[in-house]
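Below: one structure, written as structure tokens.
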Amino acid sequence: MEVSQYMEMFIEESQEHLQVLNKCLLDLENDPSNIHLLDEIFRSAHTIKGMSATMGFSSIAELTHEMENILDLLRNEKLKATSNIIDILFQCVDMLGQLIENTDSDGDNHSIILPLLNELKNIAVNNSPVQQSAEDDIPKSNNLVMINKIPFNEPEKNLVFSALNQGINVFYVQISLSEGCLLKAVRVYMVLKSLDDIGEVIKCIPTTEELEKENFGSSFEIVLITDSTADSIMREILSISEISNVDVQTISLNNLNTDSNDDNEHLSATPTNVSTTKINSLDNEKKHKGGQSVRVDIERLDALLNLVGELVINKTRLEQLGLTHRLNDLTETIEQMDRVTTDLQNVVMKVRMVPVGQVFNRFPRMVRDLSHELHKEINLIIEGEDTELDRTVIDEIGDPIVHLLRNSIDHGIEHAQERQAMGKNPTGHIYLIAKHEGNNVVIEVKDDGRGIIPSNIRKAAVDKELMTQQDVDKLDDNEAVRLIFLPGFSTANTVTDVSGRGVGMDAVKTKIESLGGTIDVDTTPGNGSKFIIRLPLTLAIIQALLIRIANEIYAIPLASIDSTINVNISDIKTIQGQEVILLRGQIIPIIRLNKVLGTEQQSVEQLNDIFIVIVHIGDQRAGIIVDTLIGQQEIVIKSLGKLLSGIKTIAGATILGNGQVALILDVSYLMQLKSEV
Amino acid sequence: MAQEDLYSSNMDQLVVFKLGSEEYALSILQVQEIKKMTDITRVPNTPSYITGVINLRGSVLPVIDLKNRLGLPAAEYDDDTRIIIVKTDDIVVGLIVDFVTEVMMIDKTQIDAAQTVVTGETGKYVSGIGKYNGRLIILLNLTAIVGVNI
């Protein structure tokens, strides 16, 4: 069978199931007797087994098979879910992850799973020697069919025997058509055709000729030799319409010897039950995934988004035309088009949105492993995993969060004794919270550990020669703590395996900023620290304020604008050469854009009132002096391209309604500059 | 650089344009289109030869003033001024030239290596000198002109 085209799907689906496994195992650890969790774990393992067997990855299939044995013992309460067993199951999941990842490269490497297989087998044997016979997994053994009941002729029998001897599956499939099916022959043909694709149909009851003449009731039977699993056959057939029921039963060598006293009724009764439960479990899986879905290449979505972007630009252009010509009909049409494009844009953005849970799901496992390793007791509490973010952001956000979590586990949370001595709960808590805040998504990593001590940071900054003692002394505590974001800063006294390898918060900050976000820290020594990541909801279309400076138009993202004010030139004071204004009791430094952007000296200087746009990044504020405010507008962010990527003051470009290019100011960079201007 | 043969192995097809009184050329394989002068948005903190960015059917492209880049005296833009959109190493940029003359086929044997004729600072931007019916055409090294290190 040609499998390469299914490879991607296989890997993606397996990874989803691995995540389910990880999550459920974690829950199981806290609630070892929960039968529903076991069922879910079993289902995921079973699906992986089925898929990998279909794809021909026998190691994965074998490993999951052994896992199923253990899980089944757990499910039937013949075995208790001790931490030892759960650890081994975790190891299995890791191994599966590895195997699935390496399916491309080194094929089926059987030897690496042997130690785990042995351990699984040991558990099974030690805990229930009786269950030895459960080697074959349970659903299958229920499905055994008396081969004698099927009127095979000699050559057919030989075919079945040789297939079974080679380890190829032989299934006995009963298919019932819906009542009132008009084109029975067509449905039969479709069934036979789809089965031919996955295996070889060696026998039909009644014969193919009879079937084609529609000389049968509503059901017919088939014997199929195939590499596929019963599940996939069932799915394949059920995908054809007007099929009411499918019953797949395995023919194996064992049942040749069993006595043939069972009558036909029994034969058809029990297995049918099995088949219906199977269908139910399929339904459950679907529910779990949250309805029907389509997998789409992200590039196509990007292309779609680009087109919508173009549409928005053209809409703005039309709006301008409408304003100039003032035709009623035109204005009306433009208003309608505006609604449609806004809706369209929202839909496209939504399509690109993925719940952060996708990233968060892998953290509980990581925290568990790390806290075990470091002998700390840590509880990870995740909130708001349904919060949605743009797909491109989701892909990038994982690593920074891992870094923050590792920091919290390694440096933040104290050992249990230490915590008790301080009168804290011996179990440390780490909160990972995602939520909406205006046009941003905020992700917080909060711990109740020892917090960050400003004096330590000051000392470290001086020791590492990042700053002089005088400079450090000038900083208030909040600013001092933010020094951890400086390149080359790492507070870890000892370099551990976990964190403190010098990559540091600097890398985290750079990553977040490259996504158009910001990161801030809030800490109370002794009570823990909180890292706050703010990310833009979307990366492509934003609201911005257009401003004019010396005949040039620039855009400032609305998300970073506090307010715009109108002040008198005499309101601008200087403190140590830095221009500032006083706004509602707050001192706000002033940025003169003409100096930063190299435009001509502003002529408005002579005028008495000047416009200032107050911008903010986190808690820091600054005022930008502009010539004129043009207005708020929806803009589509365009990249300046590789050639101009090094320009820091500009975050990107956009195309205005008149086709002109306007540049988008990088507010966070301007804020850094303010002390130098 | 793409110097694939078009019709025969020893012919090159060039886009010829004028900067001041001199004739320059680029291989036609590097040229995507030729555009009339349009609004250019200045980009702050860039080298002086980068005039700014333009809107080319929805994408934003940087534009290089070729005369400035080659150290030639500047002139006002007029109706003949053109922007040649070129692509090299996956970077698309516009080059401002005074006047696009023609597209010509030139025999490769009629192209001399640059080092023999041009030296000095701007020498690295020249890849060769073509001789065509008594005209001298300066072939440009596009990769060096676009130079990704800003």
Side-chain angles (χ1 to χ4, degrees), chain A residues 303 305-317 540 546 548-555 591-600 635-666 669-670 673 677, chain B residues 1 26 30-33 35-66 68-70 74 77 83-96 124-125 140-150:
Chain A
L305 188 71
N306 266 335
L307 289 175
V308 173
E310 293 294 297
L311 199 60
V312 171
I313 291 170
N314 283 311
K315 181 203 76 185
T316 337
R317 207 178 274 198
L546 297 184
R548 192 189 299 275
I549 296 161
N551 289 327
E552 292 181 2
I553 296 175
Y554 289 90
I591 302 167
R592 283 191 183 266
L593 273 186
N594 60 322
K595 286 188 190 158
V596 183
L597 303 175
T599 54
E600 289 143 35
I635 60 168
V636 181
I637 301 180
K638 304 266 175 181
S639 151
L640 277 178
K642 219 155 77 184
L643 189 64
L644 298 176
S645 58
I647 296 160
K648 294 236 168 101
T649 38
I650 303 299
T654 188
I655 295 168
L656 300 178
N658 60 6
Q660 217 188 330
V661 180
L663 301 175
I664 304 166
L665 293 175
D666 185 340
Y669 183 74
L670 290 177
L673 274 181
V677 180
Chain B
M1 228 187 305
L26 286 166
Q30 297 171 324
V31 176
Q32 295 202 326
E33 66 183 284
K35 228 179 115 59
K36 282 199 176 174
M37 199 59 191
T38 162
D39 277 343
I40 300 181
T41 304
R42 189 189 68 95
V43 181
N45 310 330
T46 47
S48 62
Y49 63 84
I50 294 194
T51 317
V53 287
I54 57 162
N55 164 17
L56 182 74
R57 288 184 301 279
S59 51
V60 176
L61 297 186
V63 176
I64 292 174
D65 187 317
L66 202 51
N68 185 317
R69 182 66 165 153
L70 299 176
Y77 300 139
I83 301 175
I84 305 182
I85 312 291
V86 294
K87 183 175 181 180
T88 173
D89 300 332
D90 276 340
I91 298 180
V92 181
V93 296
L95 302 175
I96 301 178
K124 64 177 179 209
Y125 301 133
L140 291 172
N141 175 356
L142 192 56
T143 320
I145 286 172
V146 173
V148 206
N149 40 2
I150 292 174

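Naming convention: chains lettered A, B, ... in sequence-line order (proteins, then strands); numbering from 1 in each chain.
Shortest non-hydrogen contact noted between B:Pro62 and A:Leu640 is CD-O, 4.3 Å. Here the closest heavy-atom approach between residue A:Val661 and residue B:Ile54 is recorded as CG2-C, 3.5 Å.
Side-chain contact check for A:Val596 versus B:Pro44: every heavy-atom pair is 4.5 Å or farther apart. Using a 4.5 Å heavy-atom cutoff, the side chains of A:Leu663 and B:Val53 are in contact. In this structure, B:Asn55 and A:Lys638 have side chains that are not in contact, with every pair of non-hydrogen atoms separated by 4.5 Å or more.
For A:Ile313, no part sits under 4.5 Å from any heavy atom of chain B, backbone or side chain. Only the side chain of B:Val93 comes within contact range of chain A, judged by heavy atoms closer than 4.5 Å.
Taking the salt bridge (Lys or Arg N to Asp or Glu O under 4.0 Å) definition, one finds that A:Arg317 meets it with nothing, sequence neighbours left out.
Distance OG1/B:Thr41 to CG/A:Leu656: 7.5 Å, rounded to 0.5 Å. To the nearest 0.5 angstrom, A:Ile647 atom CD1 is 6.5 Å from B:Ile50 atom CD1.
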